[in-house]
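For reference, the structure discussed in these notes is given below.
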Amino acid sequence: MNYILLGPPGAGKGTQAKKIAKKFEIVHLSTGDMFREAKKFDKIINKFLVTGELVPDEVTVDMIKNRLLKDDIKKGFVLDGFPRTLNQAQALDLMIKSQIKIDAVFFINVTFEEAIRRISSRRVCSCGASYHIALLASKKVKKCDFCGKELSQRDDDKEDVVKDRITVYEKQTKPLIEYYRNARMLIGINGLKEEAEVFAQISEYIDKNKAKKGK
Ligand SMILES: [Zn+2]
């Protein structure tokens, strides 16, 4: 079982990918995590991340290619953050050919306004916890429920940066939706629902798909 998650920033891809990986015992392949990891030893990736430049497709594709060679992906995976451009999607098709089959592409859809609202209300703690101030997940609002440290806002979550991220998404990632729809792989998920409900929609599909495969 191999899946791809698509959706604008703020759609909750990372959260959903983690839940899917855990429930269905497959590997969570997050390019964000991979970049952060690679930053430590890969000079090329480090250079892009430090300057804030967009990592070129070839570099990302190479990273994914290497990752897909590892044995653990045989139990299945969920891709989060890749592919992000049409170019990357075509590269993925080429690299997996007939050896790996993507079962479905989940498109978690949220409106532009909702994406902005969610991201700009996100606060993070250095311990890894994250909160939405609008939803008031932390009882103490400005302090972390787990460790008590002050919460802060990630630089790329600030409103003007968020608008840039969404513009990039509209331009680069939206064509992917058409691409996978034409390939009859796209499964639309209503991302405006609560996190648990979004996960239920995805789980239901995966369960059905598993049953169909007779596993
Ligand atoms: Zn904390």
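In this text, all values refer to a predicted model and were calculated from it rather than measured experimentally. Hydrogens, waters and symmetry mates are skipped; everything else that's a heavy atom, side chains included, is used. Indexing begins at 1, ligand by ligand and atom by atom, following the structure's order.
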Side chains of residues 17-24: which donor-acceptor pairs under 3.5 Å do they make with residues two or more places apart or in other chains?
none

Using a cut-off of 2.8 Å, find all protein N, O or S atoms closer to the Zn ion (ligand 1) than that distance. C125 SG, C127 SG, C144 SG, C147 SG
With no hydrogens and no angle check, do the side chains of D157 and S120 hold a donor and an acceptor under 3.5 Å apart? no
Is R118 atom CZ crowded by more than 12 heavy atoms from other residues, nucleotides or ligands, each under 6.0 Å away? yes
Report the relative orientation of the aromatic rings in F146 and Y131; use parallel for angles under 30°, tilted for 30 to 60°, perpendicular for over 60°. tilted
Close side-chain approach of Y3 and F106, heavy atoms under 4.5 Å: yes
Gap separating the CZ atom of F35 from the CG atom of D42, nearest 0.5 angstrom: 10.0 Å
